[in-house]
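Below is one structure, written out as structure tokens; the observations come after it.
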Amino acid sequence: MSDRKSNTYNLERRNFLRTGLGVAGALALPAGFASQAFAAGHPAIGTYPAGSSGDSVFIGITVPRTGGYALQGEDELKGYLLAIEHINEGNPLIKKISPKSKKGVLGKKVTYGVADSAAKPNDAVQAQQRFISENKAILMTGSTSSAVAVALNKLAQREKVIYVAGISGSNDTTGKDCVRYGFRQCFYGQTAAAALGPLLVKTFGKNKKVAYMTPDYTYGHTVTKSFQDYLATAGWTTTTDQVSPLGSADFSSYLLNVANSGADVLINVNWGHDAVLSIQQAKQFGILDRMKLVVPYQVPFLAPQVGGGLLAGVYAATDFWWTLEDKYPLAKMFVESFEKKYGYKPQWGAENAYMEFALWAEAVENAGTFYPPDVIKSYEAGRKINSLVGEVSWRAADHQLIRPVFIVKGKKPSEMKNKEDYWDVVETVPGLPLMQKPDAFDCKLGSYT
């Protein structure tokens, strides 16, 4: 018997003995009833124990496969699927992150279902509710819109099924909309502003006038506010904040106001295809000839989609860029595995997705059970964990991963060493000093049960 199976068996056996039943009685039960008896040490909650009573466990994945965030959603999905493959085969990379892992999670194969959220909260919630009801999902994931992440946070807390966010840049995800059953590993508005802000002030100077383009939902509003708050400390003032609905095709009315604002710098917070169109149209309006462009988030595939070298010299914050393989051995293992499977260098959405599943496996293995409150407490223990970008840990107070933020600068086409060499990593900023105090965004996690 493997060490993991032995440990799991001993834990379940102790839980069983506490129920007051004899071992001989348990052995007399049919296999299905015996597993239920072993789980009786914990009360039923969410999909536990039904979701983990067999030889496999199920994860529900909802990502945008249509709409303005579809390209990023597909990249994210590839990261999830590679992580599942690696977990099930006991890949060495997973073992570097989760040393107790062997094959599967606690010896159980990971299975999954995928649904298209179209970046719509209602679609994501309905799909995950089906995964919970029909497949007894023991884990939920998938967001490329923070509006989806916030909605799935609420579903997770209500259904008592753990949710690990996909891409989500809103402060609210682990701020005012945090929940005990939700976790996020990627960077967010506050950390993006605190990491990128000093470089902007150093590069462009103090007392600048700035125009913002903001998507009209929680990601956009919290990112813009975080940058406004930080840059105000250097005397930067906002000339205009142009707020547009998600999925806009024509930004001309917003860009006209930007052009007439007298700003020195344009900070474009738009994401996905909205970011592509708004930058291309800003060029057509002549704005990029008069204002410095800043992109707070290095949106996956942004540079090749925008084209024309328009992002040369543009600064952005990011979770990951593939050239980090030169600095971090685990990043190199990930990039090589991903490129071999999918034929291109992974974007940061894929890296983020991979890490969420690897970190979940690490938490479950250390808990020694799928019982959700114990898994949550395993996350909250504050262990130092190896990751693709160095050592990280979870902050128990708001379930946000403490991790570095990377600052990148767009390359000119003539500077690119290969067809995917769009960005230079110019700074690595440690995560903890960037983060607000745990209660600054009014996080109240709620109950375990």
Side-chain angles (χ1 to χ4, degrees), residues 63-79 116-119 143-146 166-167 169 186 192 213-215 219-220 223 242 244-252 254-255 258 266-285 287-289 291-323 335 338-339 342-353 406-425:
V63 292
R65 310 192 75 178
T66 56
Y69 291 0
L71 188 62
Q72 291 74 32
E74 289 296 326
D75 179 64
E76 190 179 1
L77 178 59
K78 290 179 174 68
D116 177 15
S117 71
S143 62
T144 308
S145 157
S146 288
I167 295 172
C186 67
M213 297 189 73
T214 303
Y219 156 74
V223 172
Q242 294 297 305
S244 57
L246 180 63
S248 296
D250 183 0
F251 289 87
S252 57
Y254 310 108
L255 290 166
V258 170
L266 169 60
I267 297 183
N268 191 343
V269 185
N270 282 299
W271 219 84
H273 197 53
D274 292 13
V276 174
L277 293 178
S278 56
I279 292 171
Q280 290 173 334
Q281 292 171 28
K283 176 63 176 176
Q284 295 166 4
F285 268 74
I287 291 172
L288 302 188
D289 298 324
M291 299 179 194
K292 298 295 184 181
L293 174 64
V294 174
V295 180
Y297 271 67
Q298 181 263 315
V299 179
F301 305 107
L302 182 63
Q305 280 198 295
V306 168
L310 295 187
L311 297 185
V314 172
Y315 290 106
T318 191
D319 218 43
F320 182 81
W321 183 244
W322 65 267
T323 58
V335 171
F338 188 95
E339 187 172 22
Y342 297 114
Y344 70 93
K345 306 287 189 185
Q347 298 285 314
W348 74 262
E351 175 269 344
N352 174 64
F406 302 97
I407 307 302
V408 294
K409 184 180 181 182
K411 287 188 170 186
K412 297 177 182 178
S414 61
E415 297 171 335
M416 294 173 59
K417 297 177 181 178
N418 59 58
K419 65 179 182 179
E420 295 180 87
D421 187 29
Y422 289 102
W423 302 93
D424 262 332
V425 178

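For clarity, every value in this text was computed on a predicted model and none was experimentally measured. Numbers here simply count residues along the sequence, with the first being 1.
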Practice item. Would you mind reporting whether Ile279 and Val314 have side-chain heavy atoms less than 4.5 Å apart? Key: no
Check your understanding: Would you say the side-chain atoms of Glu420 pair up with the backbone N or O of Lys345, donor to acceptor, closer than 3.5 Å?
Key -> yes
Check your understanding: Just by distance, do the side chain of Gln72 and the backbone of Pro300 share a donor-acceptor pair under 3.5 Å?
Key -> yes
Review point. Just by distance, do the side chain of Thr318 and the backbone of Phe406 share a donor-acceptor pair under 3.5 Å?
Key: no
Point to revise | Side-chain (Tyr69) to main-chain (Ser145) donor-acceptor, under 3.5 angstrom | key: no
Point to revise | Side-chain touch Gln305/Leu71, heavy atoms, less than 4.5 angstrom | key: yes
Check your understanding: How close do Phe338 and Ala350 get, heavy atom to heavy atom, and via which atoms?
Key -> CE1-CB, 3.6 Å
**Study point:** Shortest non-hydrogen contact between Met213 and Ser278, atoms and distance
**Key:** CE-CB, 4.1 Å
Revision key, fill the gap. Tightest non-hydrogen contact, residues Ile407 and Tyr315, listed as CG2-CD2, 4.3 Å
Check your understanding: Considering all heavy atoms of both residues, which atom of Cys186 and which atom of Asn352 are nearest to each other, and what is their separation?
Key -> CB-OD1, 3.2 Å
**Study point:** Spacing of Lys411 atom NZ and Asp424 atom CG [to the nearest 0.5 Å]
**Key:** 4.0 Å
Point to revise | Leu255 vs Gln284 side-chain heavy atoms within contact, under 4.5 Å | key: no
Point to revise | Spacing of Phe285 atom CZ and Leu266 atom CG [to the nearest 0.5 Å] | key: 12.5 Å
Practice item. Quick one: sort the Tyr219 and Trp271 rings into parallel, tilted or perpendicular, breaks at 30° and 60°. Key: perpendicular
Check your understanding: Can you tell if the side chain of Leu310 reaches within under 4.5 Å of the side chain of Leu293, non-hydrogen atoms only?
Key -> no
Practice item. Taking the side chain as every heavy atom from C-beta outward, state whether Trp321 and Gln347 have any atom pair closer than 4.5 Å. Key: yes
Review point. Does Trp348 reach the main-chain N or O of Gln298 with its side chain, forming a donor-acceptor pair under 3.5 Å?
Key: yes
**Study point:** Backbone N/O of Ile167 and side chain of Ser143: donor-acceptor pair under 3.5 Å
**Key:** yes
Revision key, fill the gap. Rounded to the nearest 0.5 Å, the OH atom of Tyr344 sits from the NZ atom of Lys78 at a distance of 4.5 Å
**Study point:** Gap separating the CG atom of Asn268 from the OH atom of Tyr297, nearest 0.5 angstrom
**Key:** 14.0 Å
Point to revise | Shortest non-hydrogen contact from Ser117 toward Pro64 | key: OG-N, 3.2 Å
Practice item. Using atom types as modelled and distance alone, determine if a side-chain donor or acceptor of Asn270 lies under 3.5 Å from a backbone N or O of Val276. Key: no
Exercise for review: Keeping the roles fixed (side chain from Asp116, backbone from Arg65), state whether a donor-acceptor pair exists under 3.5 Å.
Suggested key: yes
Practice item. Report yes if some heavy atom in the side chain of Asp250 is under 4.5 Å from a heavy atom in the side chain of Gln281; otherwise report no. Key: yes
Review point. Which atoms form the tightest heavy-atom contact between Leu302 and Ala275, and what is the distance?
Key: CD1-CB, 3.9 Å
Exercise for review: Any chance you could measure Leu311, atom CG, to Tyr422, atom OH, to the nearest 0.5 Å?
Suggested key: 10.0 Å
Point to revise | Minimum side-chain heavy-atom gap Phe251-Asp274 below 4.5 Å | key: yes
Check your understanding: Between atom CD of Glu351 and atom CG of Asp75, what is the distance when rounded to the nearest 0.5 Å?
Key -> 10.5 Å
